[in-house]
Each structure stands twice: as structure tokens, then as C-alpha cells.
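Report on the structure given below.
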Amino acid sequence: MICSGIKSKVLGYIDDVLSGEIVVCKLARLAVERHVRDLGQQRTPDFPYYFNERHAEVACDFFPLMLRHSIGDFAGLPFELEPWQAFGIWALFGWKRECDDSRRFRKFYDSEARKNGKSTKAAGIALLMAMLDVNPSTGSVEEVAEVILSATKKEQVEKVIYAEIERIRLRSPSIEKCSSPINKQITFKHNQGSIRCVGSDKPYDGLNPLCVLMDELHAWREHHRKFYDTMQTGSGNRSQPLIGTVTTAGDDTSHLWLEEYNYAAGVLDGTIKDESFFALVYEIDKEDDPLDESTWIKANPNLGVSVKIDYLRDQAKQAAASKLALNRFTRYHCNRLVTSTEKAFDLEQWDACEGELSDWHDADALGGGVDLGGRDDLAAWGLVARFPMDGEDSEGRPIYRYEIKTKSYIVADTERDLAKQPFANWVHGGHLIKTTRAIADLRDDLVEECSEYGVHAVAFDPYNAQQFGDDLTQEGITAAAMAQNTGKQNEPIRDLLRAIKAGRVTHDGNPLLRWAIGNAVIARDRKDQWMFDKKTSGEKIDPVVAMTMAFRMACVAPARSTGSLYL
């Protein structure tokens with residue numbers, strides 16, 4: 001059958017996706033497959049929905065017939081939907097409930113990379129809903145069709161989607177004639193429909209919207225949850241409300257977005273059954289290399305239209321030279337989840353380094369480090385012994401292997417419940433010393449270890465351990481100040497990670513240290529200098545910090561047979 005117009009465009013897109021002619025990500029393909037599968041089971045006892053092509057076509061035709069682009073290369077031209085956009089609008093507005101002919105989908109999730117026209121498409125949906133959505137009960141245009149644009153800050157949504165709506169309105173004569181803007185609200189004369197903005201930062205009155213569009217959900221945080229819930233549940237009196245999320249990807253601190261994304265992915269892959277939820281996601285797949293330009297089309301379905309390949313190539317060049325830029329590129333231009341923090345250690349590599357420690361009296365050099373952490377919680381010391389290996393590196397320098405051990409201390413009156421696991425096991429195994437005088441016991445044990453093995457220097461953080469450093473000096477141990485910043489931590493962290501990866505580190509399998517290893521994350525500055533980020537680490541990392549400081553001391557120490565340690 002030969003079709004014309006919008007239907008031909010949509011069916012062509014579906015065929016090209018299923019045949020592989022158009023490259024899409026797994027979730028986008030699942031959305032297409034879901035639509036096709038549903039067509040084959042419509043109006044059955046287990047699937048009481050049907051597809052209304054006339055309604056789908058009316059919704060799609062609204063864009064080129066009523067709307068004009070407002071900015072860029074297409075300013076003033078009709079808003080002709082690209083095939084991928086047409087598919088989304090076609091499916092969203094075409095599916096109906098058999099029981100009352102109302103719209104099947106009550107919520108939708110729409111996500112693609114930046115510059116793919118999310119805001120323009122959302123503006124079109126807002127205008128369609130406010131002006132022409134038909135109430136299935138009356139068969140007439142919905143009266144007082146209120147459309148709410150929401151974001152964490154009212155100003156944000158006013159500057160993006162609402163501003164786009166206002167620009168489109170001024171470019172589109174039919175819409176301008178039937179609408180009037182007053183105080184950042186557009187009202188339509190024929191049905192008293194309206195479009196207005198709300199944000200969690202401003203007071204807003206009781207809502208009964210026909211449609212809510214939530215902008216850039218990745219920026220919403222846990223303290224916005226009440227506002228988020230209000231946006232989701234304020235349409236109880238509407239016969240076919242539509243709640244939409246329009247966003248790019250977030251990171252692992254974007255909890256509300258992550259919940260919505262995971263739900264959308266679950267609906268598409270079949271692990272969640274929700275026939276009222278429509279999802280369309282364009283992203284690079286998890287196994288894709290963000291810098292492989294053959295994958296960019298997956299996250300940028302408008303590539304070659306509103307997204308220029310040269311622009312992405314320029315951004316990719318920056319991403320190839322900087323970890324921070326790569327994170328941004330992956331998130332905003334590949335639309336893929338990124339972690340807000342970077343795990344410092346590979347636990348598999350760390351576990352592979354477990355082994356029996358040597359006699360440290362035979363070590364070439366030893367170094368110590370101490371992290372007092374919170375005075376009412378964990379504190380730790382670390383010792384690292386250095387042993388020469390055969391051969392030299394590419395620059396003619398000797399190669400060393402390192403052995404590590406740490407011990408941690410905690411005050412007996414800590415707020416932690418030390419009877420619970422894993423702390424109870426650590427206390428029982430001697431890896432965590434519970435004591436009423438944690439810092440004093442730590443100092444005494446460290447001094448004893450340094451005396452036993454001839455550790456000459458111990459690093460400490462001058463910010464919170466200056467007195468501890470003075471105490472070590474009185475014991476005849478060199479106390480080396482080592483601030484916890486990128487200037488002091490960058491090189492030791494990188495060198496330690498390289499040694500672990502190369503298998504030149506041995507540790508005794510201390511389970512508390514392993515726990516801290518798993519907690520540690522990296523913070524980077526603009527110069528890509530590294531440090532441990534205690535604020536965003538999942539839990540305590542004091543033993544890791546002490547170990548790294550000790551590693552630094554062992555690295556810079558001259559062999560014991562050659563003389564004193566100079567810092």
C-alpha cells in the first residue's frame with residue numbers, strides 16, 4: 001500500500017529503523033517495536049486500546065500547518081517534523097482507550113541530546129494541548145485547557161520553553177490572532193486555554209492542568225520531590241491529562257531523573273508493564289565509545305538538520321584531551337548517564353594484589369601516613385615498604401614493588417553501631433581498634449611500628465593534625481606536611497594506581513581497607529589534577545588517604561643504605 005503525507009513519513013521511519021537503515025539506540029528501537037507490536041494486538045481482551053490514524057495525523061499536521069520556526073536556519077519556515085519527531089507525535093497522540101476513546105498515554109518521557117530540538121518540539125506540544133486538544137466526552141476542544149511548564153526555577157522554564165513558545169507565537173499568524181500574552185502567560189480566546197510557567201522557587205496556586213511539561217529533569221534534586229509529586233498528581237479532574245518529561249541525561253546524583261529514566265527503560269524493555277506510559281529515548285548505547293562519531297546519530301536523531309557534524313567533531317576534540325570535557329560530551333551530546341564522581345580504584349585489580357607480606361626489615365625504604373579524619377569517627381595510619389625489582393624503566397630509573405598495611409581506630413562512644421556488620425567483624429578481627437583514646441592509641445602504635453622497621457618520615461595533613469605532627473617530631477620521627485589538595489595528591493594517586501595495575505603492590509587483604517578502597521572517588525580540577533573527594537565518597541576513606549600518603553613517602557625516600565631521607 002502506498003501512503004502519502006505524514007503517514008508515509010512515519011511508516012517509512014518505522015521500516016527503516018526495523019531494517020537497520022536508520023541507526024538508533026536499543027531503547028529507540030524498542031519504542032518502535034512496541035508500537036508495531038501493539039498495532040498487532042489492538043482491541044483484544046488483553047489489550048483494550050486502538051490506534052486512531054486520523055487523530056495521529058491531525059496532531060502531526062498541527063506542526064507544519066500552524067507553527068513557524070523562530071530562530072536559526074529555519075526561522076519563518078513551517079515546522080516540518082523530521083521522521084523521528086513525527087513518529088513520536090504520531091504514537092503519542094494516536095493511541096486511544098477502547099472504553100472511552102480517551103488518549104491511551106497519560107505520561108511520556110522524551111530524551112535526546114542537546115540541540116536536537118527538544119524545546120521546540122515541547123513548545124509545539126504545549127501549543128497543541130492548550131489550543132486544540134479534544135475532550136473525548138464532549139467531542140469538542142477542551143475548555144480552559146491549562147498547560148503548565150515546570151522547572152526547578154520559574155525563570156529557567158521562562159527562558160527556554162516558554163520563550164520558544166512566545167517566539168513561535170509571533171511567527172505564526174494563526175496563533176498570534178487567537179492568543180494574548182500577559183505577564184508570562186499566554187491565553188487563547190476560543191477556549192480560554194492557557195500556557196504558564198511554575199517553578200519550585202516561586203509560590204504557585206492550586207493546579208488543575210490538562211498538560212504538564214517538566215523541563216530538564218536531570219537538574220531536579222531530592223528537595224524538589226514534593227514539587228515533582230505535585231506536578232505529577234494535579235490533573236485529577238481531567239479526562240485525559242498528559243504529563244511529560246523533556247530532558248537530557250543526568251548523572252548519578254540526579255535521583256528524580258534517574259528514577260524516571262529507569263522507569264522509561266523498564267517500560268520499553270518489558271520489565272515494567274505500564275500501558276499508559278510512552279517513552280522515546282535517543283542515546284548512545286552503554287557499550288558505545290562516545291568519541292566514535294558513527295554512534296552520534298543514536299543520540300542525535302537531528303544530525304545534519306539542527307545538529308551539525310562539524311560542531312560535534314569540535315566538541316569531541318576537546319573531550320579527547322580532557323576527562324572533564326569527555327564527561328560533558330558524553331552527557332550532553334551523547335545523552336548517556338555519567339557518574340558525578342569517578343571511582344578511584346578498580347576493586348578487581350586491588351583484589352589481585354592480595355598476598356603475603358615480606359619481612360620489612362629487608363625493605364629498601366619505608367614511608368608512613370596518617371589521616372585523623374573526624375575526631376569522633378574513623379582515623380587511620382598507613383605504612384608502605386619499598387623493595388627494588390630487577391631491571392629499569394624506559395627512562396633508566398629503578399623499578400620498585402610496594403607492600404602496604406594500615407590500621408584504623410574509632411572512639412568507643414561513636415554514633416556508629418559497632419555491633420552491626422561489617423564493623424563488628426572488623427573490630428573482632430583487629431582491623432578496627434575501638435578505644436576511648438583513639439588518637440593517642442593510634443599515635444602510640446604508629447610510633448612503635450616506625451621504631452620496629454625504621455620508618456623515618458610520616459606524612460600528615462597540617463589542616464587537622466598539626467599537633468599530631470609535633471608529637472611525632474618529639475618521638476624523633478620526621479613529620480612531613482602533606483595537604484589534601486590536588487597539588488599534593490595528584491602525583492601519588494596516579495603513581496599508586498599505576499603500580500596497582502602493574503601488579504607491583506601487595507597488601508594483606510585488610511577488609512576495612514578494601515571497604516575504604518571501594519568508597520574512594522576522584523575529584524579533578526580544570527587542569528585535570530586529582531585528589532580524593534571525601535565529600536562525595538560513599539563512606540569513610542581515611543585508611544586510603546593514609547595509605548596514599550605513606551606510598552608517597554616510600555616513593556621519595558632514598559634507599560636506607562644511602563643516608564637520610566630528604567623531603
Side-chain angles (χ1 to χ4, degrees), residues 1-44 47 49-65 79-98 103-105 107-113 116-118 120-122 124-125 128 242 244 246 264-270 272-285 294-307 335:
M1 177 179 178
I2 299 177
C3 303
S4 60
I6 195 69
K7 181 178 178 180
S8 178
K9 181 182 289 188
V10 172
L11 294 186
Y13 178 77
I14 291 172
D15 288 344
D16 287 345
V17 167
L18 296 180
S19 69
E21 183 72 19
I22 293 178
V23 177
V24 295
C25 66
K26 293 174 183 176
L27 291 182
R29 182 181 178 89
L30 286 173
V32 172
E33 292 176 347
R34 180 193 190 195
H35 175 73
V36 173
R37 181 175 63 252
D38 290 350
L39 289 174
Q41 61 176 344
Q42 57 185 319
R43 296 186 186 273
T44 60
F47 192 77
Y49 307 94
Y50 70 96
F51 194 78
N52 188 315
E53 288 189 359
R54 184 177 67 84
H55 283 197
E57 191 166 10
V58 167
C60 290
D61 284 343
F62 171 80
F63 285 76
L65 293 178
F79 189 163
E80 296 285 351
L81 293 170
E82 293 299 314
W84 68 277
Q85 295 171 321
F87 166 73
I89 301 298
W90 178 269
L92 181 60
F93 287 93
W95 279 104
K96 304 293 180 180
R97 301 179 179 217
E98 192 173 21
R103 198 167 25 248
R104 168 190 172 185
F105 295 117
K107 294 183 180 180
F108 75 87
Y109 178 88
D110 175 61
S111 182
E112 53 268 354
N116 281 271
K118 283 192 306 299
T120 305
K121 184 172 60 174
I125 292 174
L128 172 61
L242 185 62
V246 182
V267 170
L268 290 173
D269 67 23
I272 297 173
K273 186 174 179 60
D274 187 345
E275 302 296 0
S276 67
F277 192 99
F278 178 75
L280 191 56
V281 180
Y282 291 92
E283 62 183 1
I284 66 169
D285 290 310
S294 69
T295 69
W296 294 345
I297 186 66
K298 294 181 179 182
N300 298 272
N302 244 22
L303 189 62
V305 182
S306 62
V307 181
N335 202 35

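Computed from a predicted model, the values in this text were never measured in an experiment.
In this structure, Ser111 OG and Asn335 CG are separated by 3.5 Å, a value rounded to the nearest 0.5 Å. With rounding to the nearest 0.5 angstrom, the OG1 atom of Thr44 is 8.5 Å from the CD atom of Glu98.
Without hydrogens or angle criteria, Glu283 side chain to Cys25 main chain gives no donor-acceptor distance under 3.5 Å. With Asn300 contributing its side chain and Leu303 its backbone, the two residues share no donor-acceptor pair below 3.5 Å. Between the side chain of Gln42 and the backbone N or O of Leu39, at least one donor-acceptor pair lies under 3.5 Å. Without hydrogens or angle criteria, Asn116 side chain to Asn302 main chain gives a donor-acceptor distance under 3.5 Å.
The side-chain heavy atoms of Lys96 and Tyr50, taken from C-beta on, include a pair separated by under 4.5 Å. The side-chain heavy atoms of Ile125 and Phe108, taken from C-beta on, include a pair separated by under 4.5 Å. Using a 4.5 Å heavy-atom threshold, the side chains of Val267 and Tyr109 count as separate. Residues Ile89 and Ile6 fail the side-chain proximity criterion, which asks for heavy atoms closer than 4.5 Å. Inter-residue side-chain proximity for Val246 and Lys121 is flagged as unmet; no heavy-atom pair is nearer than 4.5 Å. A heavy-atom distance below 4.5 Å is found between the side chains of Val32 and Tyr13. Between Leu11 and Trp90 the shortest side-chain heavy-atom distance does not fall below 4.5 Å. Looking at Pro301 and Glu112, their side chains come closer than 4.5 Å, going by heavy atoms from C-beta outward.
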Criterion side-chain contact (heavy atoms from CB on, under 4.5 Å) on Leu92 and Leu242, from CA distance to verdict = CA-CA 10 Å; Leu92 181 60; Leu242 185 62; 4.2 Å; yes
Run the ring-ring contact (aromatic ring centres under 6.0 Å, His included) check on Trp95 and Phe278 step by step: do they pass?
-> CA-CA 10 Å; Trp95 279 104; Phe278 178 75; over 10 Å; no
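Residues passing the salt bridge (Lys or Arg N to Asp or Glu O under 4.0 Å) test with Asp285 are Lys298, sequence neighbours excluded. Residues passing the ring-ring contact (aromatic ring centres under 6.0 Å, His included) test with Phe277, sequence neighbours excluded: Tyr263. Under the rule for a side chain to side chain donor-acceptor pair (under 3.5 Å), the partners of Arg104 that lie at least two apart in sequence or sit in another chain are Asp38, Glu275. Residues passing the ring-ring contact (aromatic ring centres under 6.0 Å, His included) test with Phe63 are Phe79, sequence neighbours excluded. Partners of Trp296 under the side chain to side chain donor-acceptor pair (under 3.5 Å) rule, at least two apart in sequence or in another chain, do not exist in this structure. For Arg29, the side chain to side chain donor-acceptor pair (under 3.5 Å) criterion is met by Glu33, not counting sequence neighbours.
In this structure, Ala279 and Arg34 approach most closely via the heavy-atom pair N-NH1, 4.3 Å. Taking every heavy atom of both residues into account, Ala59 and Phe93 meet most closely at CB-CB, 3.6 Å. Of all non-hydrogen atoms in Phe62 and Gly124, the two that sit nearest each other are CE2-O, 3.6 Å. For the residue pair Ala113 and Lys118, the shortest heavy atom distance occurs at O-NZ, 3.5 Å. Considering all non-hydrogen atoms of both residues, Ala31 and Phe87 come closest at O-CZ, 3.8 Å. The heavy-atom pair separating Lys9 from Leu81 by the smallest distance is NZ-O, 2.6 Å.
Under the side chain to side chain contact (heavy atoms under 4.5 Å, CB included) rule, Leu30 has a single partner from Val281, Leu280, Leu268, which is Leu268.
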